2 protein chains.
Amino acid sequence: MYRSHNCGELNASHINTEVTLAGWVQKTRDKGFMNWVDLRDRYGITQLIFDESRTDKTVFELAKTLGREFVIQAKGTVIEREAKNANMATGDIEILVTELNILNSSITPPFTIEDETDGGEDIRMKYRYLDIRRNPVKNNLLFRHKVAMEVRKYLSDLDFCEVETPYLIKSTPEGARDFVVPSRMNEGQFYALPQSPQTFKQLLMVGGMDKYFQIVKCFRDEDLRADRQPEFTQIDCEMAFVEQEDILNVFEGLTRHLLKEIKGIEVEKFPRITYDYAMKMYGNDKPDIRFGMEFCPLTPEGGPFEPKGFPVFDDSEIVLAINVENCAHYTRKQLDELTDWVKRPQIGAKGLIYVRYNEDGTLKSSVDKFFNEEVLKNWAEKCNSKPGDLLLILSGPTDKTRTQLSALRMELANRLGLRKPNEFAPLWVVDFPLLELDEESGRYHAMHHPFTSPKPEDMQLLETNPGKVRANAYDMVLNGNEIGGGSIRIHDKATQQLMFKYLGFTPKQAEDQFGFLMNAFQYGAPPHGGLAFGLDRLVSILGGQETIRDFIAFPKNNSGRDVMIDAPSVIDDLQLKELKIKLDN
Amino acid sequence: MYRSHNCGELNASHINTEVTLAGWVQKTRDKGFMNWVDLRDRYGITQLIFDESRTDKTVFELAKTLGREFVIQAKGTVIEREAKNANMATGDIEILVTELNILNSSITPPFTIEDETDGGEDIRMKYRYLDIRRNPVKNNLLFRHKVAMEVRKYLSDLDFCEVETPYLIKSTPEGARDFVVPSRMNEGQFYALPQSPQTFKQLLMVGGMDKYFQIVKCFRDEDLRADRQPEFTQIDCEMAFVEQEDILNVFEGLTRHLLKEIKGIEVEKFPRITYDYAMKMYGNDKPDIRFGMEFCPLTPEGGPFEPKGFPVFDDSEIVLAINVENCAHYTRKQLDELTDWVKRPQIGAKGLIYVRYNEDGTLKSSVDKFFNEEVLKNWAEKCNSKPGDLLLILSGPTDKTRTQLSALRMELANRLGLRKPNEFAPLWVVDFPLLELDEESGRYHAMHHPFTSPKPEDMQLLETNPGKVRANAYDMVLNGNEIGGGSIRIHDKATQQLMFKYLGFTPKQAEDQFGFLMNAFQYGAPPHGGLAFGLDRLVSILGGQETIRDFIAFPKNNSGRDVMIDAPSVIDDLQLKELKIKLDN
């Protein structure tokens, strides 16, 4: 072993101990007759001291040659430090070095290895191995490991069995685009990398494994939006002989356990709201409920807006307000800026109406021309506004207006600092629609996936009003992010066949792609269901951060490239030949 | 929840409790007025009883319709069983059923769901979800989970951090054949699936992660020998600031922990032998040391065989014996059969010499014409034979003879029942050669991989006698299987460049393929090393079984096919088009 202790563990209790440390030179301070080196490893930093009067001359001179990021081994005695540093675990001591070995030198790194680095994203990705030396990235990776271990322990203790499902599976046109892998031994044929182990976990339930989980990589060949990765990690779970209630309880328990163990936070029983309610109150199926600002409809249920006279409202399907607390003081400039914000093409609102509920009880709006103060007061009451608050109002077609107001609600929360990274407000959204209409093709798609079971009481709507059929499907939402979702599955062949029919599969297509599953359902499939958490997202939220990339050791960029190893790359003609494929330029 | 208890937990303490169970019908016994059903789930079997005189008529009649593998839910009272079954955890009780729901029916399974099934390998693979219902397969999967959890706990407790490395990486011609993945977003380019996370774990060491592990899928597109899978699982580990000794200690500790926790077996400190010694004594770098039969050379070190006169020995580089205890009674027929066995083309020996050391002290051999009893006695002494033993002798060129005798040794051990599945004899084989000569190309290849460091004292042999250079490389061997292997790595750019040169890389090739790694070495790479265990093999050996396939939930066959889901398969022209590749028939 190159060391007797690591760089984070020595303290006053070790004074006079002979130790050997190894690590990286974080920085050096040379005062001529005295030379200090901060030695860093994963566990911390320890100060080394070289003193002309006490240190062997060769060692003293060698220490002067050390540069940043040199890898060294130092032997010496733990001594009390004169200038103690209370901010460092090892701040009470330093090492008076008697022996020094340079294990490896370093050229100058392309960015500083500090918590706040001068390196931009691109250069840090190219030299990711140097980026990982920085505390923020290193700590994220350690944090991810801790979360994954806690998940495994919790589920194992509940008799869940982690089963590895295959990575080389079959391509199906359903869902997102597959990554495929040409098979050399089966000419002209391809494997696909799994988008999720969905059918395998269901087959494990048919196989009687009862409770399954797996922390597993999944793959989607989609155009990468910001913060999406072509490979991502799921906590994938499935249980047999359960109803939705059982699944919600188990995984609420897991999440509560994580919040407690990892963050030291106890949370209440998770609220459960329906998809319809979420859309109505937040315009969003993954609402952030750390703050209020729920939607307040100014249009009466089902009826047209009253009083008439303001053409914009008269022509609107819905008029929706949010109450922004203590913001009546917003200046005209601030309000104009918000109006511009909602009118951006990404949001697409036509305009923004405001009502200031002044501290003195008067009300002032941008629609004073059309509505008297009594009407404004009535709106304020509807929205539980109090003097000092600001009402912001959007109107238009129902779905669009909700989406726009949802964006505005989140933007305001961000601006007002209401989305506190260390506050956690989980909830369940249940009763998702089974199907969603693809406006382009006019066809219905499975909102979750084709294995999700419809609510039995809605089955009869499948023919007449498919968009209204609710599924036994649920999402766990945390701080405005969907962190997990799942469903109770179909477990009989007839219903599964029917579902494929409604989704526009021919019987042959259904058989070719999912015959193995429907076949399995004939041999005594138990009722079952499950869910999957996105681990990358979960750890980033628990870590109080926005980007999943910071919690992935070697992420890819938005073009799906690993810029560090420079992949993907061209391959040998011989490889192509063996695979019996060629490029089609 | 569909059940209040599982099928393995009820016992006499539950008598008179109302319970609800759910599971599969294992079997039914109908005596007309009385009907028993064995109800099975992952946890066990519980007997249900339907009694004409005590059971509701509808329930009683419904029970008569149950077939094997039906999925049912049964409510009832735990009662004491008349005919107790001491072999079953639940053998003291049965459930007098009051309510019965058929949750799903089953058509007749293609093979019996019993510990000893009538299904052949092919049919069991096609219906793997049914095979998994059988105890032997189910228990193997639970066992695998337990091993993996113990590995994670042990390593986490030692500050190892599990880091997920990418699956979509860069193809390198070095080593085995890669599976490749065409990139849609990077036209004409391909990712490769990792054969191991080797370079990534080294970069994590450069990145200061200090102690890394990962239980991870790896991929090799090789022609599949029996019991090889195109995707397999590794316990992949790496440590910084360590020497070989440190690594051997840590992973010996892990293995000892597993043997103790999983098998309840305490093992001694692992023997360590060199590669040269292993080849000399066992003809094999992964010797099974659960039994003796070490090689005994009858040729003097370096010299020709004495006494002369037997042309076969006179022309041999080496004459090697093994002593088979208590087998002097082998009949001529048995010995002829062994002779035929070593002459099979797979073994390729020219013949087999035997010496019977009879119980009466006389010696009788197949070479009595050439050697008198005194010579035979001398051989017996050399080999520590005692009366009643049998000497078996092969001769020829050194390497070939060793390999042949190794095969014979293992064959005899199998026949004599010396390879006891519940006895565990781990050891380390160290000092592997750095390079091995590829006879076909006449070129040297890295025996382990090109990142393995040569022993410093052998460096000067690289130019003059490369085959003699020893590496800081080691294998852990258990019961005749290599279950893990690793090395101390090169951690400086110059040595790594030199190594690529010796392996026949041009500087450009080395730079194109591994430039990122050599570049990383310039920024303060610490000394580091590691190893990887084959998890599939490890669990199968710990489980006392031969085939890894039985420990994989969804294995592939020898053509790399998943016969259950029928993968790989042809894919859409549209998919090929998007990927800009075409088939090359």
Side-chain angles (χ1 to χ4, degrees), chain A residues 1-3 22 24 42 69 71 104 106-107 109 129 132-133 142 145 149 156 161-163 166-171 179 181 183-186 188-191 203 206-208 210 217 221 231 241 246 516 520 522-526 553-554 559-560 565 567-571 580-584, chain B residues 1-3 22 24 42 69 71 104 106-107 109 129 132-133 142 145 149 156 161-163 166-171 179 181 183-186 188-191 203 206-208 210 217 221 231 241 246 516 520 522-526 553-554 559-560 565 567-571 580-584:
Chain A
M1 205 65 178
Y2 281 80
R3 65 192 173 204
W24 287 264
R42 178 182 130 188
E69 301 307 316
V71 182
N104 216 339
S106 174
I107 57 176
Y129 45 87
I132 291 172
R133 287 189 195 162
L142 294 172
H145 168 61
M149 275 304 290
S156 289
C161 177
E162 184 161 17
V163 180
Y167 277 80
L168 297 171
I169 66 165
K170 185 169 165 168
S171 186
F179 281 107
V181 182
S183 166
R184 183 181 52 86
M185 291 176 78
N186 300 272
Q189 300 189 12
F190 293 74
Y191 301 101
L203 290 173
V206 176
D210 205 66
K217 274 279 176 78
D221 184 13
E231 48 178 306
F241 298 113
D246 307 307
F516 64 95
Q522 298 181 96
Y523 294 97
F554 301 103
S559 321
I565 61 170
S569 62
V570 294
I571 60 172
K580 299 264 171 39
I581 56 173
K582 50 186 174 186
L583 303 182
D584 182 13
Chain B
M1 206 64 178
Y2 281 80
R3 63 191 174 204
W24 285 263
R42 179 183 128 189
E69 301 308 315
V71 183
N104 217 338
S106 173
I107 57 175
Y129 45 86
I132 290 172
R133 287 188 195 163
L142 294 171
H145 168 61
M149 276 303 291
S156 289
C161 177
E162 184 161 17
V163 180
Y167 277 79
L168 296 172
I169 66 165
K170 185 168 164 168
S171 186
F179 280 106
V181 182
S183 165
R184 184 180 51 87
M185 292 177 77
N186 300 273
Q189 299 188 13
F190 292 74
Y191 301 101
L203 291 173
V206 175
D210 204 67
K217 273 280 175 78
D221 184 15
E231 48 179 307
F241 299 112
D246 306 307
F516 63 95
Q522 297 180 97
Y523 294 98
F554 301 103
S559 319
I565 62 170
S569 62
V570 294
I571 59 173
K580 299 266 171 42
I581 56 172
K582 50 187 174 186
L583 302 184
D584 183 13

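Because the structure is predicted, anything quoted here is derived from the model rather than measured. In what follows, chains are A, B, ... by sequence order, proteins preceding strands, each numbered from 1.
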For [X] and [Y], work out which heavy atoms get closest and say how close.
{"X": "A:H145", "Y": "B:C161", "value": "CB-SG, 3.6 Å"}
{"X": "A:S569", "Y": "B:K170", "value": "OG-CG, 3.7 Å"}
{"X": "A:F241", "Y": "B:W24", "value": "CE1-CZ3, 3.8 Å"}
{"X": "A:P166", "Y": "B:K217", "value": "CA-NZ, 3.9 Å"}
{"X": "A:P568", "Y": "B:Q189", "value": "O-OE1, 2.7 Å"}
{"X": "B:I571", "Y": "A:S171", "value": "CG2-CB, 3.9 Å"}

inquiry  = Could you check whether any side-chain N or O of B:R184 sits under 3.5 Å from a backbone N or O of A:D221, counting only pairs where one atom can act as donor and the other as acceptor?
reply    = yes

message = Checking the side chain of B:D584 only, and the main-chain atoms of A:K582 only, is there a donor and an acceptor separated by less than 3.5 Å?
response = no

key: A:M149, part contacting chain B, at a heavy-atom distance under 4.5 Å   = side chain

ask   = Where on A:K580 is there a heavy atom nearer than 4.5 Å to chain B: the side chain, the backbone, both, or neither?
value = both

Sub-4.5 Å side-chain heavy-atom contact between [X] and [Y]:
{"X": "A:L583", "Y": "B:F190", "value": "yes"}
{"X": "A:L168", "Y": "B:F179", "value": "yes"}
{"X": "A:I169", "Y": "B:F554", "value": "no"}

Selection from [options] maximising heavy-atom pairs under 4.5 Å formed with chain B:
{"options": "A:V570, A:I132, A:V206", "result": "A:V206"}
{"options": "A:E162, A:R3, A:R42", "result": "A:R42"}
{"options": "A:D210, A:L203, A:V181", "result": "A:D210"}
{"options": "A:N104, A:N186, A:I565", "result": "A:I565"}

key: Region of B:S183 in contact with chain A, defined by heavy-atom distances below 4.5 Å   = side chain

inquiry  = Need one label for B:V163: side chain, backbone, both or neither, based on atoms under 4.5 Å from any heavy atom in chain A.
reply    = side chain

message = Students often mix this up, so state it plainly: with edges at 30° and 60°, are the rings of B:Y129 and A:Y523 parallel, tilted or perpendicular?
response = tilted

Max heavy-atom pair count under 4.5 Å with chain A, selected residue of B:S559, B:G524, B:S156 = B:G524

ask   = With respect to chain A, which residue among B:A520, B:P109, B:A553, B:G560 yields the maximal number of heavy-atom pairs within a distance under 4.5 Å?
value = B:A520

query = Atom CD in B:Q522, atom CD1 in A:I107: separation rounded to 0.5 Å?
reply = 4.0 Å

